[in-house]
Amino acid sequence: MNKLANMRHWPERMSPNFGMSRANNSNSNSSMGMPPIHPHQKVTAQGPPPLAAPQVPEALIHYSFNVPFASDLAGPDTEDILHATADAVLRWTHPEDAPDDIPVYELPVHAQNLAQLRKMCKEITQSLLVIEAHVLSTTPKNVRGQVTTVCLSGTAEFVYKTRETILNDTPLSLRCTTVDVDGHLVASLAEGVLKKDVTDFLDEVSVFCGVDIFLLGPKLTPVVDGLNGDVEVRRDQRWRVAIYGDILASEHAKSRVLVHIDRLLGRIVDAMIFELSLHQLVCGRNRKNIKLIESATNTAIYFPPPFSQAYRYCPPNATRRDPQEVFITGENPGAIEQAKFRVHELLSRMRIFVKDVQIPSAKIDSILLSRMDKVRKIIEANGTFIMFPPLASRQNTVRIQALENLHAERSVRELMALVGQFYTAAWWINQPDKLPLPLPSPNDIKTMLGDICANSDADVSFDRLSFNITGSDEAVKAALMVISQIKFVALSAYQIRVKIELANEHKEFVSGKKNGKINKIMGQSNVQIMFDNFGEYNFNIEVLAQTYDSMKQGLTLVEQEMPASISFHVPDQYHKRIIGIGGQHIQRIMKKHSVFVKFSNAMDRGGIGREDEDSRVDNVICRTPARNAQNLELVKSEILEMVDRVDSEFTSQIVNVDRLYHRQLLARLPDIEELEKKWNCKIVFPSTEQASDEVTVTGPQWQVPMCVDAFLGMVPDRHEVVMERSSGLIKFLQSPDFVQNIVPKLKSQHEVEVTVHENSDERAESGAPTVTILWTFTRNNAGGLRDAMDFLQGQFATSGIEPVLIKGAIPRPKSDTFEESLQYFDSKLLQHAPAPVSTDSPTKPSFGDEVARERSTIFDRLRKPGSMSSISSFLDRRKNSSHSATNSFFKGSSNVSKSSLISIESTRSFNAGRDPWNDSGVNLPDDDNNPWSNTRVMTGNGTDQKLAVPQPGDATPRHNARQSADSGRPSTSHSTNSGYPGPLSGSFR
């Protein structure tokens, strides 16, 4: 216990002069070469005091960790590349002579990063410092791609300083971010060449930000159509700018590309500077404040990443973005000045609440390397700023700033729940003088730690016959399993300790009445379990065992007792109906499913009259031990049965709308707010710097489709049908019957407007002139386009006209009958369906000859020699290295828990007389199929012993794999191989 207690104070001890402060006291006399004067030490004239005893040199430690290179990131499809910056094609594609099955991690860019890391570690090893650094690259079977591990050997101070240097001088977590842009902005489509000023700008941004940039052709985009929510796949007319780089560099380049696109659209660009910690506070919860400013002034405001202070890496010869600089684009200088004035007005009225929390430095590093997407959601939902210390700096203080204390507390609790997803463990080898096998050599230790780290993704250190492990829950358990298979460890006497961090409010839930649950687990699995209070928000559960099998069993049983929860929204007016008189209704549900249910009202969430977002937070929480998690959905469905259909379960649906059209929609903010009130839904636009097309509509399950339909009614769309010009066709289109009867009928019956245009530049393959029929409609009526075209086709047939379609035809929808099998039956009665016509329709397109024909025109002209000098010499001898993945599109998702546990605290609990989180009196039913009934375990002496069947109730374990990602308990890795028993919808904090 003393050793672990001292470990908590490592960050305070790791001062800049940590190595020297132990050799002498920081005394003014010491700095002048004089011996230090100690307290109670008598100084005489006879001479200096006697010399102190020599200090024992600090022991060497071995430390191993993975470097997250993102070596599974593939390059773009070479067939889509229209322009690439210098050496980008060489870095992100394989040579032509490479085999077809060459893995992605052998791309030149990944090989170059690995070579630079090896060079850095070699220089560290050959330096005068007492430390060695080695790099291991492996491809474990259970891991996708290549795993790069660094093994350090030296004193603790130099090891941690070297780790900090490596992580801050290496490009971590490479990513590809994409910006959509209209083709006419970057190319002269008629001439088939790219605009030189655009390509020059991309080359400049690539050098300035230290990224690789590709200009790619159009892509396939899923589109939700109308009230039925069908997913249509259409060919997007926009081109793509793909940016490859590290976290900060790619975001920097993306912002500059977005600003340049605004400049190409004729907007004016300006900037303003203010403190980084105030950016999220200005944006407000869910970016509400900044959206109001953008809609009122018709401007676009681009903020820098909120975590730039935590990452120090900058590509060679590149320039980091000023973390305090905010870009603003607008139609005129007056609009920009108005936006600046509104931002300064918000800043002048701010009253900031600050909260500091202590988090172990190793867990801070784990969050910075793997959980920043979740942290971003926390700060955007609460409108707070979270300041992390620099990566690998071994500092343990995190600061949260908010405009209200309630939002700061919510952010802290959600962050601490995220911290609980990481475990720490220690494996001590006892009686070193009685080891059955000799200790492994330093080289063997490096290899051993590298294997443990590569197969578990945990950080592992070896010091004085003890292993110390840090990582996600699944990573730590995997590391313990690998260590248990090492021969000299398994044959020695040892002790294992695992620490689980959990919120203080769950303490009695896990322990049970009078520690009943914990006592049963200790009796069943021969482990010791201790609770260690160390902070304001969390406490540690320490599990100690003398054998690995006992630890595995005891840890699993403890995890089965940890809380699994699900939260959702029910309007406050239904709470009394659900609870019932004296709580009889909800008590019956709780006892039936052994699940605790708690409600919170507006007062519990901070008072009546707060922001509108508070009215839609999750205000019902259902909690049960993880072994009973399969009953959570049953309880939720029973509760929602007592809620009217219009206020039923809240769900979300994503709608794709061109990001540039978001500005026109935000200008109609009063109309959107009217839609939200009418359908009791919330329409959330993405942030400006995110440059996403996805608009999220959240609300009651039965209301969301209605709201989506009304919202899409505000979004215009168009479709062109090009036909070969003929005298009969022109005569029909100019006839009074077409103008006075057919066109109004298409508008009234199909909600589609038709106009006719002639484009002299567009010709048929035979050279004949063409006629274009332009169909305009709103997105919610896109389904009527096919019917309208069928109606017009019928009018053509009635008039004896057979038009020759060049492009824009809509294929016959695929039938759900057995027509595909009719070709095997030789019958004159069975008619075969005609083959679909190639099309670029926005509704039900098929991509065949039409797409190939378009590629052979504009794309081939863009790729002709001379128009792409930067890559023309490479495309002929490079091949595609990436495999296109099918993007699945979801038209709706299950209800997602988004509120922290603090928002669920209720003073209206019907069980106010006892601790609401203690599940006393709620016992699980007997299970005839008890999975432990026939379980046999290995005891410490190696004998096979049948495990006693526990009594039903609090300690009844269901030993299924635990899925930490879908529960309210603060655990989990991203592993998909583990899961709580029973399905859990949504993603619960």
Side-chain angles (χ1 to χ4, degrees), residues 11 63-73 105 110 113-114 117 120 135 137 140 143-152 159-175 177 245-251 305-314 359-379 386-396 398 415-424 450 452-461 468-476 478-479 501 964-965 970-975:
Y63 193 97
S64 180
F65 61 96
N66 288 341
V67 179
F69 270 137
S71 58
D72 57 344
L73 178 62
Y105 60 79
H110 300 314
N113 291 335
L114 181 58
L117 178 62
M120 183 192 307
V135 180
S137 297
V143 178
R144 177 186 173 187
Q146 186 182 51
V147 176
T148 302
T149 305
V150 176
C151 299
L152 303 176
V159 163
Y160 293 123
K161 288 295 182 183
T162 303
R163 177 176 180 267
E164 180 180 3
T165 300
I166 291 175
L167 291 179
N168 286 284
D169 291 347
T170 305
L172 304 178
S173 303
L174 294 179
R175 61 192 60 195
T177 180
D246 64 277
I247 301 173
L248 296 183
S250 59
E251 290 292 333
F307 311 115
S308 54
Q309 82 287 345
Y311 302 97
R312 299 175 181 172
Y313 175 76
C314 182
I359 299 176
S361 59
K363 296 188 178 183
I364 291 179
D365 293 344
S366 298
I367 291 176
L368 290 174
L369 293 174
S370 61
R371 297 291 195 274
M372 293 311 292
D373 54 338
K374 297 184 179 180
V375 176
R376 185 186 291 269
K377 292 180 180 179
I378 293 175
I379 65 173
I386 301 179
M387 185 173 66
F388 287 95
L391 178 64
S393 62
R394 298 195 60 77
Q395 300 177 22
N396 61 352
V398 176
L415 179 63
M416 298 306 288
L418 202 61
V419 171
Q421 296 182 5
F422 301 97
Y423 288 4
T424 58
I452 297 172
C453 202
N455 287 278
S456 64
D457 196 28
D459 290 1
V460 185
S461 65
N468 293 286
I469 310 162
T470 304
S472 64
D473 51 356
E474 296 298 333
V476 169
E501 195 167 340
S964 23
S971 92
T972 112
S973 59
H974 290 296
S975 173

Inset, instruction - Taking all heavy atoms of L368 and all of Y311, pick out the closest pair and write down the distance. - result: O-OH, 2.6 Å

Legend entry - Q146: side-chain hydrogen bond (donor to acceptor under 3.5 Å, both in side chains) partners, not counting sequence neighbours: none

Legend entry - side-chain hydrogen bond (donor to acceptor under 3.5 Å, both in side chains) partners for D365, two or more places apart: R163

If you define the side chain from C-beta out and look only at heavy atoms, does anything of [X] sit under 4.5 Å from [Y]?
X    : Y    : answer
I247 : F307 : no
P305 : M372 : no
Y313 : L391 : no
V67  : V135 : no
E474 : D457 : no
P360 : T424 : no

Distance check, rounded to the nearest 0.5 Å: [X] atom [atom1] versus [Y] atom [atom2]?
X    : Y    : atom1 : atom2 : value
Y423 : I469 : OH    : CD1   : 13.5 Å
T470 : F422 : OG1   : CZ    : 10.5 Å
S461 : L152 : OG    : CG    : 11.0 Å
D459 : S64  : CG    : OG    : 8.0 Å

Legend entry - Single hit among L117, T170, L167, N66 for side chain to side chain contact (heavy atoms under 4.5 Å, CB included) with V150: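 With V150 as partner, side chain to side chain contact (heavy atoms under 4.5 Å, CB included) holds for just one option, L117.
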
Legend entry - Residues Y105, F69; criterion ring pair (Phe, Tyr, Trp, His ring centres under 6.0 Å); working and verdict: CA-CA 10 Å; Y105 60 79; F69 270 137; over 10 Å; no

